[in-house]
Asks: 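Provided herewith is a single structure, encoded as structure tokens, for subsequent inquiry.
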Amino acid sequence: MAQPKVEKLITAIDIGSWKVSALIAGRTDTGELAILGTGQRESRGVRRGFIADMERTELAVRETIEQAERVAGTNIEDVWVSFSGGSLVSDVVTVERDMGGYRIEQADIDDLLTTGQQGIDPDGRVVLHAQPTCFTINGKVPVKKPAGMHADLLGVDIHVVLADGAPLANLDLCVRGAYLNVNSIVASPIATGLACLSEEERDLGVALVELGAGVTNVSLYAGGMLVGLHSIPIGASDITDDIASAFGIRRSQAERIKCFYGSAMQNRRDFREMIEIATPHGDVAVPGQSAGPNAEGGKITRAALVGVICERLNQLMSEVNAALAGMGFNSPTGRQVVLTGGGAEMKGIADYAQGALGRAVRIGRPRGLSAMPEAHSGPAFATLAGLALYGASNPVDLRTMASAPQTVHRLGAPQWWQRMMRAIKTNY
């Protein structure tokens, strides 16, 4: 059987605080998106999602892309890049147009979207995304497709993602320094949502919690679009640092212990199971050597390890709960939360989060790509897969449209969340 012909190459690169990963995908003549090659390197120049060392980051990007090119057997020039720094800010802008009771034409919708950019006030930041979320008729009735309907007033809610300009410029320079052209810088929550949320989940309403190495992004989806975003400067690397500090060991060993023995849920056997640790010099600790104040004879109980992990998780989930409440996600327990990111690979994290958040929780893994390597099929690579899907769809963004004067209103979080809920009930 003949192999499908690749019509377009799409390259994604995710520059995180723990790793730099790349993916080369090909869109075939059948419409399928197939992975051709992947690459990964340790990230040593990124802190909390921000570039801290440009030379190291540029080198990591270059080596990662070269690895992916060797696997794919091709050379690439253009890339889609993710940004997950804590400077991401979400806003909702409402733009309205007087229709005088006439029938809505496509030209009216285009004019409304074009004038929408006039209402975006970046307040000294850079507009990363500006995407329509919900149309309204006469200020009340939410609709998905207003064309052909009669209305006195036509409105649209535009979700805007803002970021500080300097971190974006540094990220762009690092990628271009690796001799690559940047198609677009994409907010991590938008890319991740494409990869691990179903269309139905995005329509009905779901919270996406990305447990990254340095930053945890909490985002809300409703009516098929991202409608809220909050960044928390705590991540999985903080758990690693806590383990290293508590037991007097290196970060590398702390990360290994966390991955192999760590868990978010404790059981009785943990008090009997012993874990051997090493001194900061790399030798196995023996009685008489220093291996941290909480270690005895170079060994610790698994219960002690889980205790350190849960202490940090308690802090993180408290912040996540506060972020969800602040964005109006305070509905009944049944509404779902999806955990993804490298931190979501920890054993027992879904059960722990379900108890801490009081909502149904599942682990979000990338979907929508064929020939995904098993090593890249976990939640740690959801953003990378989402970038490829974003590049393949290349959604319309209002940033590129011309602007014109128009009446603009800003809605508080409860108001626009209620409007989203009305849209869901009306259309579904």
Asks: Roughly how far apart are L211 CG and L316 CG, rounded to 0.5 Å?
Replies: 6.0 Å
Asks: Say you draw a straight line from CD1 of I76 to CG of L36; how long is it, rounded to the nearest 0.5 Å?
Replies: 11.5 Å
Asks: Given 3.5 Å as the limit, does a donor-acceptor pair link the side chain of S377 with the main chain of E374, or not?
Replies: yes
Asks: Establish, from distance only, whether the side-chain atoms of E210 and T340 form a donor-acceptor pair under 3.5 Å.
Replies: no
Asks: Looking only at non-hydrogen atoms, find the nearest pair between I349 and A344 and report the distance.
Replies: CG2-O, 3.3 Å
Asks: Heavy-atom distance under 4.5 Å between the side chains of V338 and V209, does that happen here?
Replies: no
Asks: Please determine whether side-chain contact (heavy atoms from CB on, under 4.5 Å) holds for the pair T192 and C196, giving the CA-CA distance in whole Å, both sets of side-chain angles, and the decisive distance to 0.1 Å.
Replies: CA-CA 6 Å; T192 309; C196 60; 3.8 Å; yes
Asks: When you check the gap from the basic side-chain N to the acidic O, do E276 and K299 get nearer than 4.0 Å?
Replies: no
Asks: Report yes if some heavy atom in the side chain of N217 is under 4.5 Å from a heavy atom in the side chain of H230; otherwise report no.
Replies: no
Asks: Given the ring of Y352, does K347 sit roughly above its face, with NZ or CZ under 6.0 Å from the centre of the six-membered ring and within 45° of the axis?
Replies: no
Asks: For K8, does its backbone N or O pair with a side-chain atom of R27 as donor and acceptor, under 3.5 Å?
Replies: no
Asks: Which heavy atom in S21 sits nearest to a heavy atom in L384, and how many Å separate them?
Replies: O-CD1, 3.5 Å
Asks: Tell me the closest heavy-atom pair linking L387 and A12, and the distance in Å.
Replies: CB-CB, 3.4 Å
Asks: Between D53 and R44, does any side-chain N to carboxylate O distance fall below 4.0 Å?
Replies: no
Asks: About how many Å separate NE2 of H159 and CD of Q131, when rounded to the nearest 0.5 Å?
Replies: 8.5 Å
Asks: Decide side-chain hydrogen bond (donor to acceptor under 3.5 Å, both in side chains) for D14 and T383; before the verdict, give the C-alpha distance in whole Å, the side-chain angles of both, and the deciding distance to 0.1 Å.
Replies: CA-CA 7 Å; D14 181 23; T383 300; 4.6 Å; no
Asks: Considering only heavy atoms from C-beta outward, does the side chain of E66 approach that of R70 to under 4.5 Å?
Replies: yes
Asks: Should R365 and E345 count as an ion pair when the cut-off is N to O under 4.0 Å?
Replies: no
Asks: Give the intermediate values and the outcome of side-chain contact (heavy atoms from CB on, under 4.5 Å) for residues E63 and L59.
Replies: CA-CA 6 Å; E63 291 178 346; L59 178 61; 3.7 Å; yes
Asks: Where is the tightest heavy-atom contact between V215 and G49, given as atom of each residue plus distance?
Replies: CG2-N, 4.2 Å
Asks: Are the side chains of E69 and I24 in touch, meaning some heavy atoms are under 4.5 Å apart?
Replies: yes
Asks: Would R62 and E58 pass as an ion pair if we require N to O under 4.0 Å?
Replies: yes
Asks: Would you say R367 has more than 12 foreign heavy atoms packed within less than 6.0 Å of its CZ?
Replies: yes
Asks: Distance under 6.0 Å and angle within 45° of the ring axis: does R256 meet both against F260?
Replies: yes
Asks: What do the steps show when you test Q315 against R312 for side-chain hydrogen bond (donor to acceptor under 3.5 Å, both in side chains), and what is the final call?
Replies: CA-CA 5 Å; Q315 179 191 7; R312 177 64 72 172; 2.8 Å; yes
Asks: Might you work through the side-chain contact (heavy atoms from CB on, under 4.5 Å) test for V61 and I15, ending with a clear yes or no?
Replies: CA-CA 8 Å; V61 169; I15 303 175; 3.7 Å; yes
Asks: Looking only at non-hydrogen atoms, find the nearest pair between A350 and I363 and report the distance.
Replies: CB-CD1, 3.9 Å
Asks: Does any N or O in the side chain of S245 come within less than 3.5 Å of the main-chain N or O of D241, such that one atom is a donor and the other an acceptor?
Replies: no
Asks: Has S219 got a side-chain atom pairing as donor or acceptor with L229's backbone, closer than 3.5 angstrom?
Replies: no
Asks: So do L88 and S231 actually touch side chain to side chain, heavy atoms under 4.5 Å?
Replies: yes
Asks: Output yes when a side-chain donor or acceptor of T216 lies under 3.5 Å from a complementary backbone atom of I234, and no otherwise.
Replies: yes
Asks: Taking atom CD as the centre, does E77 end up with more than 12 heavy-atom neighbours from other residues, nucleotides or ligands that are less than 6.0 angstrom away?
Replies: no
Asks: Does a side chain donor of either Q336 or R359 reach within less than 3.5 Å of an acceptor in the other side chain?
Replies: no
Asks: Looking at T115 and L112, would you say the former's side chain and the latter's main chain have a donor-acceptor pair under 3.5 Å?
Replies: yes
Asks: Output the distance between atom CG (L305) and atom CD1 (I275), rounded to the nearest 0.5 Å.
Replies: 5.0 Å
Asks: Report the distance from atom CG of D238 to atom CD1 of I232, rounding to the nearest 0.5 Å.
Replies: 11.5 Å
Asks: Show, in sequence, the C-alpha distance, side-chain angles and deciding distance for E201 and R362, and conclude whether the salt bridge (charged side-chain N to carboxylate O under 4.0 Å, His left out) test is met.
Replies: CA-CA 12 Å; E201 285 176 326; R362 75 167 178 86; 2.9 Å; yes
Asks: side-chain contact (heavy atoms from CB on, under 4.5 Å) for L171 and I185? Distances and angles first, verdict last.
Replies: CA-CA 9 Å; L171 180 64; I185 297 177; 4.0 Å; yes
Asks: Side-chain contact test, heavy atoms from C-beta onward, threshold under 4.5 Å: evaluate it for P146 versus F135 and give yes or no.
Replies: yes
Asks: For the pair D164 (side chain) and A166 (backbone), establish whether a donor and an acceptor sit closer than 3.5 Å, ignoring hydrogens and angles.
Replies: no
Asks: Between N321 and S318, is there a donor-acceptor pair closer than 3.5 Å when you use the side chain of the first and the backbone of the second?
Replies: no
Asks: Mark yes when over 12 heavy atoms from residues, nucleotides or ligands other than R176 sit less than 6.0 Å from its CZ; otherwise mark no.
Replies: yes
Asks: Any donor-acceptor pair under 3.5 Å linking the side-chain atoms of K258 with those of T240?
Replies: yes
Asks: Is there a donor-acceptor pair under 3.5 Å between the side chain of R125 and the backbone N or O of G165?
Replies: no
Asks: Please answer whether the main-chain N or O of V79 pairs with a side-chain N or O of T11 as donor and acceptor at a distance below 3.5 Å.
Replies: no
Asks: With side chains defined as the heavy atoms from C-beta onward, is the minimum distance between R41 and Q67 less than 4.5 Å?
Replies: yes
Asks: Measure the acute angle between the ring planes of Y390 and W80, then classify it against the limits of 30° and 60° as parallel, tilted or perpendicular.
Replies: perpendicular
Asks: Might you point out which heavy atoms bring L197 and R202 nearest each other, and give the distance in Å?
Replies: O-NH1, 2.7 Å
Asks: Mind checking whether F271 and T301 have side chains closer than 4.5 Å, heavy atoms only?
Replies: no
Asks: Quick check on E55: does its CD atom have over 12 non-hydrogen neighbours (other residues, nucleotides or ligands) under 6.0 Å away?
Replies: no
Asks: Mind checking the CE-CG spacing from M265 to L313? Nearest 0.5 Å is all I need.
Replies: 11.0 Å
